[in-house]
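Structure first, commentary second.
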Amino acid sequence: MITVHHLNNSRSQRVLWLLEELGLDYTVVRYQRDPRTLLAPPSLRAVHPLGKSPVLVDGGNTLAESGAVLEYLVERYDAARAFAPSPGTAEHLRYRYWLHYAEGTAMPPMLLSLVFSRIKQAPMPFFARPIARSIADKALQGFVAPQVRLHLDYMEAELGKARWFAGENFSAADIQMSFPVEAAAARAGLGTYPKLADFLSRIHARPAYQRALEQGGPFDLLT
C-alpha cells in the first residue's frame, strides 16, 4: 500500500492528484500546519529528517520532494505513459523542464512574496513597525513583484504555444506546475493572464483533481 504523508495547503496535494489520475490505492496520513508560523508539525520529522511534506512511502521506498515523487510514480506505475511524453521527443524535454522549473525557479519569488507580506502584518513593537513595513514594501516593489511578473509573463507565453505545458497532452508536468500557478492566483491574481487562468479552470474541472481535494482536505494558498 502506498502511503502519503500529507501536510495541509502544501505541495503534497499534487501527489494525491497524480495518484488519483493513475487510479492507485493509497492511504493519507494528514498533518496540520501551525496556524501562527505555518510550519509543519514536529511529528513529520519522524517520517523524514527535514520534517517536510510530501513524503511518499511505497513498500521499501521512501521518497520526498514533489517533483521526484511524481517522476517515481510515472516511471513505476504509468505503463501506458498517459502522463509523460515518450523519451527522445521534444515534448519529453519540455516535460522534464517544467517538472524542475516549477520548484527550482517559479516558486522562490512566490515564497518571497508570502514572506514579505507576512512581515508587514506580523506583530511587533510600534516603533519597529514602520521600519519593517518600509523594508518589506521596498523588497516587494523593487524585486519580488517584478520577478513574479516576469515569470507569469513567461508562463503565459509558453501556454500560448500549446494547450498544456509539455505539449498538446496533459501530463504530470501540469500537475507539478499547478502549485506555482495556484500560488500566483492566490497572491498576485491572474487578471491579465487569461491562458494561466484558463489552465487553472481546466485542471480544477478534472475529476481526479476534485477527488484529491476530498482526500487532502481544504486547499487555500492565501494563508
Side-chain angles (χ1 to χ4, degrees), residues 1-84 95 98-100 102-103 106-107 110-111 114 164-165 170-187 199-223:
M1 173 64 72
I2 295 171
T3 300
V4 180
H5 293 270
H6 169 72
L7 181 66
N8 68 305
N9 292 335
S10 79
R11 293 155 169 81
S12 64
Q13 190 65 39
R14 295 180 292 196
V15 176
L16 304 181
W17 179 12
L18 179 56
L19 287 166
E20 290 291 342
E21 293 281 2
L22 290 167
L24 298 174
D25 293 328
Y26 63 96
T27 297
V28 179
V29 180
R30 291 191 188 185
Y31 302 81
Q32 292 295 122
R33 294 181 182 274
D34 182 298
R36 184 178 61 84
T37 66
L38 299 185
L39 296 176
S43 54
L44 254 176
R45 291 184 181 174
V47 183
H48 189 278
L50 294 179
K52 302 292 185 180
S53 178
V55 175
L56 180 137
V57 179
D58 183 17
N61 298 321
T62 299
L63 297 95
E65 294 295 335
S66 54
V69 173
L70 296 193
E71 282 193 280
Y72 168 83
L73 290 172
V74 168
E75 291 172 3
R76 184 174 177 89
Y77 294 107
D78 185 21
R81 301 203 65 81
F83 300 101
Y95 164 83
W98 293 111
L99 279 176
H100 291 274
E103 291 296 330
M107 276 308 300
M110 305 297 175
L111 179 59
L114 175 64
W164 298 101
F165 277 103
F170 176 82
S171 73
D174 299 296
I175 296 177
Q176 181 73 345
M177 281 298 298
S178 67
F179 195 82
V181 180
E182 298 262 22
R187 296 164 193 165
F199 169 80
L200 282 189
S201 295
R202 286 185 281 129
I203 65 172
H204 290 169
R206 293 183 72 87
Y209 181 97
Q210 297 168 16
R211 292 194 301 272
L213 286 181
E214 294 173 4
Q215 293 290 333
F219 188 53
D220 179 11
L221 293 182
L222 284 172
T223 54

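FYI, the numbering just counts along the sequence from 1.
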Got more than 12 heavy atoms from elsewhere within 6.0 Å of CG, Asp34?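 Result for CG/Asp34: enclosed.
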Hey, is CZ on Arg202 packed in by over 12 heavy atoms from elsewhere, all under 6.0 Å?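 For Arg202, atom CZ is crowded (more than 12 foreign heavy atoms under 6.0 Å).
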Is the side chain of [X] donor-acceptor paired with the backbone N or O of [Y] at a distance under 3.5 Å, no angle test?
| X | Y | answer |
| --- | --- | --- |
| Arg11 | Ser66 | no |
| Asn8 | Arg33 | yes |
| Asp174 | Phe165 | yes |
| Gln13 | Ala212 | yes |

If every non-hydrogen atom of [X] is compared with every non-hydrogen atom of [Y], which pair is closest and at what distance?
| X | Y | answer |
| --- | --- | --- |
| Gly217 | Arg30 | N-NH2, 3.7 Å |
| Ala68 | Ala64 | CB-O, 3.7 Å |
| Trp98 | Ala173 | CB-CB, 4.0 Å |
| Leu70 | Ala172 | CD1-O, 3.9 Å |
| Val28 | Gln215 | CG2-OE1, 4.0 Å |

Can you name the residues that form a ring-ring contact (aromatic ring centres under 6.0 Å, His included) with Tyr26, not counting sequence neighbours?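 Testing Tyr26 for ring-ring contact (aromatic ring centres under 6.0 Å, His included), a comparison that skips the adjacent residues, returns none.
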List for me each residue that meets ring-ring contact (aromatic ring centres under 6.0 Å, His included) alongside His204, sequence neighbours excluded, and say none if there are none.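 Result, ring-ring contact (aromatic ring centres under 6.0 Å, His included) vs His204: Tyr209.
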Under a 4.5 Å cut-off applied to non-hydrogen side-chain atoms, are [X] and [Y] in contact?
| X | Y | result |
| --- | --- | --- |
| Glu103 | Gln176 | yes |
| Leu73 | Leu56 | yes |
| Val69 | Leu18 | no |

With sequence neighbours excluded, what pairs up with Thr3 under the side chain to side chain contact (heavy atoms under 4.5 Å, CB included) test?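 With neighbours one apart ignored, the set is His5, Thr27, Val29, Val57.
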Sorted by first residue and then second, give each ring-ring contact (aromatic ring centres under 6.0 Å, His included) pair with at least one member in residues 50-72; sequence neighbours left out.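 For residues 50-72: none.
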Interatomic distance, Trp164 atom CH2 to Tyr95 atom OH [nearest 0.5 angstrom]: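 Reported value, rounded in 0.5 Å steps: 15.0 Å.
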Interatomic distance, Glu182 atom CD to Met177 atom CE [nearest 0.5 angstrom]: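 The distance works out to 11.5 Å.
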With sequence neighbours excluded, give me every salt bridge (Lys or Arg N to Asp or Glu O under 4.0 Å) pair touching residues 65-78.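 Matches after skipping sequence neighbours: Asp58-Arg76.
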Show every side-chain hydrogen bond (donor to acceptor under 3.5 Å, both in side chains) that has at least one partner inside residues 47-56, sequence neighbours left out.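 Of all non-adjacent pairs touching residues 47-56, those that pass side-chain hydrogen bond (donor to acceptor under 3.5 Å, both in side chains) are Ser12-Ser53.
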Is Arg206 close enough and on-axis enough to Phe170, meaning under 6.0 Å and within 45°, for cation-pi?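 The answer is yes; both the distance and angle limits are met.
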Quick one, Val55 with Tyr31, criterion side-chain contact (heavy atoms from CB on, under 4.5 Å). Give me CA distance, side-chain angles, the key distance, then yes/no. CA-CA 11 Å; Val55 175; Tyr31 302 81; over 6 Å; no
After noting the C-alpha distance and the side-chain angles of Trp17 and Glu21, does the key distance pass the side chain to side chain donor-acceptor pair (under 3.5 Å) rule? CA-CA 6 Å; Trp17 179 12; Glu21 293 281 2; 2.9 Å; yes
